[in-house]
Amino acid sequence: MIKIYRYGEVSPEEIFARVTPTVNVEGIVADILADVKNNGDKALKAYAEKFDGVTLNSLEVSKTEIEEAYKNADASFVAILEEAADNIRAFHAKQVRDGFKIEKKNGVVIGQKITPIEKVGLYVPGGTAAYPSTVLMDAIPAKIAGCGEIVMVTPTKTGDVNPDILTAAKVAGVDRIFKIGGAQAIAALAYGTESVPKVDKIVGPGNAFVAEAKKQVFGAVSIDMIAGPSEILVVADATNNPKYIAADLLSQAEHDKMASAVLVTDSMDFAVAVSKALEEQIPTLLRSEIARKSIDDNGKIIVADNLLAAIDIANEIAPEHLELCVDNPFDYLDKVKHAGSIFMGKYCPEALGDYFAGPNHTLPTSGTARFSSPLSVDDFVKKSQFTYYTKEALCEVADKISVFANREGLQAHANSATIRFKEDK
């Protein structure tokens, strides 16, 4: 049963605290990365047999397999995918930024140019569930950014990739797909193998081994973020239907036994009502065992003095998903300082963000919303500065550069600016 606390009985750090794995994730991942780096496809196939129980003759999904999956897909589901993709494109298209150029006197030109990342790798989970929504959320911003090649990896337990995943990849415009998952897939994308191309950046959520692998390969390749288990914080007053709030909490609890679902409310009576609704709904879920474990181990209800205090608690925690289940949510929006994605009002469940509304569902977790952002078009571009000075313009400032450089004890820096004019003088 979910635990209920008065605010102050549990620290902000403990609200989303989880039981940490007892296995040596760091060491296991380091060994896997080294194996794939040294042995390439051979290691990938061995790990597919070891972890997924499948023998892979070919690591890559053929174009024919993708076309067949799309052709045989349920037409109504394809229509939903297409509509969701349109919403995601419309939202992310607004994130596109242009470079700029500033022209000054004496012919000086400075500016910034935006360049798409050439090759990106998308990790799509496929363990306890398949997530075509993640394909759309990861691939569409990359396409909008103009990335040259999008390479997707996703695990398989049968030798075939889930057809919904392949259909979503077709809709989103993924270029290549590989039947690999786990830390070994991250290694393949980071280092390249005989079959899998080396990419420049890896994005997408995964389990603890995937997150650790992304952490360890950072530097050899860029990554989006180190994502932890899913989390939701719901701020709700007693005017809500407790059944709705319980359903929203369970929408994250069913993801993973380590997921965290937290309600902050201003009413103890409402807290008890939500707890009862959770107990009624959990046994009805297909993933009831996972949801049960998540709620019992990591679920919490915090009773605060009022809604403003509840917002303060949310800001202390910086949740991945924040629901403001109140009548006038825009009155509170400016008070929210730290949250990955904010869902406004009583008819805006977090599932809207997971699948359909358009904002991205790859979000900062574990309090990192204090300083990081949802996946966006910005994650798939890089910025280069440029500077142009004429001879006359450099002459005007060469002595100033020399003074600055000599202040820092960097004589060669100073000389590089002044040497061009010594003969003239």
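Quick note: numbers below take in every heavy atom, side chains included, and nothing from hydrogens, waters or symmetry partners. Since this is a predicted model, take the numbers as computed values, not measurements.
Atom NZ of K198 has more than 12 heavy atoms from other residues, nucleotides or ligands within 6.0 Å. Enclosure of atom NZ in K293 is not indicated, since only 12 or fewer non-hydrogen atoms of other residues, nucleotides or ligands lie within 6.0 angstrom. Within a 6.0 Å sphere centred on CD of Q112, other residues, nucleotides and ligands contribute more than 12 heavy atoms. Residue F386 qualifies as enclosed at atom CZ: its count of foreign heavy atoms under 6.0 Å is above 12. Within a 6.0 Å radius of CZ in F218, no more than 12 heavy atoms belonging to other residues, nucleotides or ligands are found. Atom NZ of K383 has more than 12 heavy atoms from other residues, nucleotides or ligands within 6.0 Å. Within a 6.0 Å sphere centred on CZ of F51, other residues, nucleotides and ligands contribute more than 12 heavy atoms. Y355 OH: 12 or fewer foreign heavy atoms inside a 6.0 Å radius.
Counting only heavy atoms from C-beta outward, the side chains of V120 and V203 never approach each other to under 4.5 Å. Residues L166 and Y70 are not in side-chain contact: their nearest non-hydrogen atoms beyond the backbone lie 4.5 Å or more apart. Annotation: side chain of E279 is not in contact with side chain of K276 (no heavy-atom distance under 4.5 Å). Inter-residue side-chain proximity for P125 and P205 is flagged as met; some heavy-atom pair is nearer than 4.5 Å. Between T362 and M225 there is a side-chain heavy-atom pair separated by less than 4.5 Å. In this structure, the side chains of I150 and K143 come closer than 4.5 Å at one or more pairs of heavy atoms. Contact of the K179 side chain with the E65 side chain is registered, since non-hydrogen atoms from C-beta on lie closer than 4.5 Å. At least one side-chain heavy atom of F270 sits under 4.5 Å from a side-chain heavy atom of I245.
To the nearest 0.5 Å, the span separating OG on S366 from CD on E231 amounts to 5.5 Å. Rounding to the nearest 0.5 Å gives a distance of 10.0 Å between CD1 of I2 and CG of N298. For the atom pair CG of D266 and CD1 of I302, the computed distance is 13.5 Å after rounding to the nearest 0.5 Å. Atoms CD1 and CG, from I311 and L322 in turn, are 6.5 Å apart once rounded to the nearest 0.5 Å. Note: K63 NZ to I177 CD1 = 7.5 Å, rounded to the nearest 0.5 Å. Taking OH of Y123 as the reference point, atom CG of N207 lies at 6.0 Å (rounded to 0.5 Å).
Look at E9 and K3 and you find no salt bridge, because none of the NZ, NE, NH1 or NH2 atoms lies under 4.0 Å from a carboxylate O. The pair E194-K42 fails the salt-bridge criterion, with no side-chain N (NZ, NE, NH1 or NH2) lying under 4.0 Å from an Asp/Glu carboxylate O. The pair K71-E68 meets the salt-bridge criterion, with a side-chain N (NZ, NE, NH1 or NH2) lying under 4.0 Å from an Asp/Glu carboxylate O. Classification of D379 and K201 as a salt-bridged pair holds, one side-chain N sitting under 4.0 Å from a carboxylate O. Salt-bridge check for K157 with D52: passed, with a basic side-chain N closer than 4.0 Å to an acidic carboxylate O. Between D296 and R292 there is a salt bridge, since a side-chain N of the basic residue sits under 4.0 Å from a carboxylate O of the acidic one.
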Exercise for review: For the pair V234 and N240, evaluate side-chain contact (heavy atoms from CB on, under 4.5 Å) and give the outcome as yes or no after the intermediate values.
Suggested key: CA-CA 11 Å; V234 179; N240 283 273; over 6 Å; no

Practice item. Check the pair V272 / D269 against side-chain contact (heavy atoms from CB on, under 4.5 Å), numbers first and verdict last. Key: CA-CA 5 Å; V272 173; D269 289 342; 5.8 Å; no

Practice item. Would you please test V171 and E82 for side-chain contact (heavy atoms from CB on, under 4.5 Å) and show each step? Key: CA-CA 7 Å; V171 169; E82 294 281 7; 3.7 Å; yes

Exercise for review: Apply the test side-chain contact (heavy atoms from CB on, under 4.5 Å) to residues V153 and L122: give CA-CA distance (whole Å), side-chain angles for both, the deciding distance (0.1 Å), then the verdict.
Suggested key: CA-CA 6 Å; V153 294; L122 313 181; over 6 Å; no

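Judged by distance alone, the side chain of D248 and the main-chain N or O of P349 form no donor-acceptor pair under 3.5 Å. Side chain of N315 to main chain of K335: a donor-acceptor pair is present (N/O by atom type, distance under 3.5 Å, no hydrogens or angles). Of the possible donor and acceptor atoms, none in the side chain of E350 sits under 3.5 Å from a partner among the backbone N and O of F343. Side-chain atoms of S294 do not come within 3.5 Å of backbone N or O of A291 as any donor-acceptor pair. Judged purely by atom type and a 3.5 angstrom limit, Q216 uses its side chain to pair as donor or acceptor with the backbone of E26. At distances below 3.5 Å, not a single donor-acceptor pair connects side-chain atoms of Q184 with backbone N or O atoms of I32. In this structure, D35 contributes its side chain and A43 its backbone to no donor-acceptor pair below 3.5 Å. Side chain of Q95 to backbone of V377: a donor-acceptor contact under 3.5 angstrom is found. Side-chain N or O atoms of K300 include one that pairs as donor or acceptor with a backbone N or O of E14 at under 3.5 Å. At least one donor-acceptor pair under 3.5 Å links the side chain of R287 to the backbone N or O of H255.
Nearest approach of L44 to A188, heavy atoms of both residues: CD1-CB, 3.9 Å. Taking both residues in full, the closest heavy atoms of L263 and A236 are given as CD1-CB, 3.9 Å, listed atom of the first, atom of the second, then distance. Shown here for A259 and A253, the closest heavy-atom pair between the two residues is CB-CA, 4.2 Å. The two residues P132 and I165 make their nearest non-hydrogen contact at N-CD1, 3.6 Å. Taking every heavy atom of both residues into account, T365 and G228 meet most closely at OG1-N, 2.6 Å. Of all non-hydrogen atoms in A211 and I226, the two that sit nearest each other are O-CD1, 3.8 Å.
Side chains of T239 and D237: a donor on one and an acceptor on the other come within 3.5 Å. Using modelled atom types and a 3.5 Å distance limit, the side chains of T134 and H361 yield a donor-acceptor pair. Checking S133 against D354 by side-chain atom types alone, no donor-acceptor pair falls below 3.5 Å.
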